[in-house]
Amino acid sequence: MTADAPAVSNPLQPVDEDWQRGLAIVAHPDDLEFGAAAAVARWTRQGKDITYVLLTSGEAGIDGMEPALAGPAREEEQRASAAIVGVSQVDFLGLPDGILEYGVALRRDLSRVIRAYRPEIVITNNFRDSWDADGNALNMSDHIVTGRAVLDAARDAANRWIFREQLDEGLEKWSGVREVWAAGSPLSKHAVDTTETFDLGVRSLEAHAAYLRGLGTGDFDPEEFLEGISRQTGSRLGVKHAAGFEVFRLGLY
């Protein structure tokens with residue numbers, strides 16, 4: 001930075017990219033595409049192995065489509081969207097959309113997933129009460145429940161005495177999760193440069209065509225939406241486009 005360059009307001013720090021295996025766990029199809037998918041595209045280009053796990057099929061997410069039809073359609077769109085950013089493994093847990101409940105049962109399910117895939121970094125969505133610092137863009141229950149359970153399950157997976165029945169499934173404890181990253185959190189202090197993969201992030205969101213058609217008046221512009229967020233975050237990182245994350249360090253290794 002030169003002497004006459006303006007200071008960056010509330011600057012962000014780069015995330016640690018010294019890892020190989022990542023696991024993204026979110027509530028619904030499209031959750032990752034509203035900001036984090038461009039980061040995933042960057043990491044798969046680096047040769048990192050990333051798996052998606054969706055708690056629900058998003059079957060309650062399209063007002064004009066019956067859940068029995070919406071669920072399969074949204075699963076198909078999510079797989080296509082993931083492929084755009086270099087992710088081939090997409091799992092759906094089949095939990096009920098819109099009424100996820102935090103508790104031991106969900107922690108058990110997510111501990112099983114973490115023990116099975118053995119990631120170094122776990123990515124989830126913002127699970128704060130709001131998407132903004134002022135509390136004017138309220139988050140929804142499924143996101144809050146999922147993120148909280150992901151954070152706890154990352155610790156559960158490292159304790160051999162929790163969910164011991166999973167040993168019988170051949171799943172040993174996994175204490176290798178270094179950090180959990182919550183995308184889009186208003187408390188984000190870290191970010192990753194997505195300038196080179198921004199367009200892939202846009203395409204991955206556009207792949208959720210049925211869902212996007214059901215938003216508001218049907219004139220939602222994915223590129224405009226993502227650009228507004230990524231440019232603002234990028235300015236805090238000192239780049240054109242970026243995705244922000246709240247980083248939780250587990251210290252379990």
Side-chain angles (χ1 to χ4, degrees), residues 1-26 30-48 50 85-86 119-140 143-144 146-148 150-151 154 177-205 221-253:
M1 181 179 293
T2 61
D4 57 351
V8 175
S9 176
N10 196 15
L12 296 167
Q13 299 299 315
V15 296
D16 178 7
E17 295 185 288
D18 183 20
W19 51 275
Q20 184 60 32
R21 290 192 313 279
L23 176 63
I25 306 175
V26 293
D30 81 71
D31 281 354
L32 287 163
E33 285 67 46
F34 275 93
V40 172
R42 170 187 171 96
W43 295 323
T44 59
R45 278 188 173 184
Q46 293 173 350
K48 301 185 193 305
I50 298 180
V85 295
E120 299 160 81
I121 299 296
V122 174
I123 302 157
T124 190
N125 246 3
N126 170 38
F127 54 94
R128 300 297 181 180
D129 289 340
S130 179
W131 292 95
D132 69 324
D134 295 327
N136 294 321
L138 291 180
N139 205 349
M140 67 172 296
H143 299 153
I144 296 169
T146 299
R148 182 74 257 176
V150 165
L151 185 58
V177 177
R178 292 154 45 185
E179 296 176 343
V180 174
W181 297 352
S185 169
L187 301 183
S188 295
K189 294 182 180 179
H190 292 77
V192 62
D193 183 356
T194 58
T195 304
E196 297 299 320
T197 53
F198 173 76
D199 290 343
L200 289 173
V202 172
R203 286 175 50 203
S204 74
L205 180 54
D221 186 329
E223 182 172 6
E224 181 180 24
F225 177 86
L226 292 176
E227 185 167 25
I229 297 171
S230 66
R231 281 189 178 273
Q232 184 179 37
T233 306
S235 69
R236 295 172 59 194
L237 189 64
V239 299
K240 184 177 180 180
H241 294 288
F245 296 90
E246 183 175 4
V247 173
F248 298 87
R249 295 184 176 88
L250 301 189
L252 297 176
Y253 56 97

Chemist: Set out, in order, the CA-CA distance, both residues' side-chain angles and the distance that settles salt bridge (Lys or Arg N to Asp or Glu O under 4.0 Å) for E246 and R128, then state yes or no.
Modeler: CA-CA 10 Å; E246 183 175 4; R128 300 297 181 180; 2.5 Å; yes
Chemist: Would you name the heavy atoms of V192 and E17 that are closest together and state the gap between them?
Modeler: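 Minimum heavy-atom contact is CG2-OE2, 3.5 Å.
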Chemist: Report yes if the side chains of I121 and K48 come closer than 4.5 Å at any heavy-atom pair, otherwise no.
Modeler: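 Not touching, per the 4.5 Å side-chain cut-off.
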Chemist: Would you indicate whether the side-chain heavy atoms of L205 and V202 approach each other to under 4.5 Å?
Modeler: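 No. Closest side-chain heavy atoms not under 4.5 Å.
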Chemist: If you take all heavy atoms of Q13 and L237, which pair is closest and at what distance?
Modeler: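 The pair with the smallest heavy-atom distance is C-CD1, 4.0 Å.
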Chemist: Atom CG of N125 and atom CE of M140: how far apart are they, to the nearest 0.5 Å?
Modeler: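 Reported to 0.5 Å precision, the distance equals 11.0 Å.
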Chemist: Nearest 0.5 Å, please: how far is CD in E120 from CG in D16?
Modeler: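 Those atoms lie 9.5 Å apart.
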Chemist: Look at atom CD of E196 and say whether more than 12 heavy atoms of other residues, nucleotides or ligands are closer to it than 6.0 Å.
Modeler: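 For E196, atom CD is not crowded (no more than 12 foreign heavy atoms under 6.0 Å).
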Chemist: Rounded to the nearest 0.5 Å, how far apart are OG1 of T233 and CG of D193?
Modeler: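 T233 atom OG1 to D193 atom CG measures 11.5 Å (nearest 0.5 Å).
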Chemist: More than 12 foreign heavy atoms under 6.0 Å from CG of D221: is that the case here?
Modeler: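 Yes, enclosed.
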Chemist: Would you call the rings of W43 and F245 parallel, tilted or perpendicular if under 30° counts as parallel and over 60° as perpendicular?
Modeler: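 Because their plane-to-plane angle lies in the 30° to 60° range, the rings of W43 and F245 count as tilted.
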Chemist: For L250 and A154, which heavy atoms make the closest approach, and how far apart are they?
Modeler: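 What the structure gives for the nearest pair is CD1-CB, 3.6 Å.
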Chemist: Between the main-chain N or O of S130 and the side-chain N or O of N126, is there a donor-acceptor pair closer than 3.5 Å?
Modeler: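 Pair found, side chain donor or acceptor close to backbone of S130.
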Chemist: Check S188 against A182 and note the closest heavy-atom contact, atom names and distance.
Modeler: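 That would be OG-O, 4.3 Å.
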Chemist: Can you tell if the side chain of H143 reaches within under 4.5 Å of the side chain of W131, non-hydrogen atoms only?
Modeler: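 Yes, their side chains come closer than 4.5 Å.
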Chemist: Could you walk me through whether R45 and L200 pass the side chain to side chain contact (heavy atoms under 4.5 Å, CB included) test, one step at a time?
Modeler: CA-CA 11 Å; R45 278 188 173 184; L200 289 173; 3.8 Å; yes
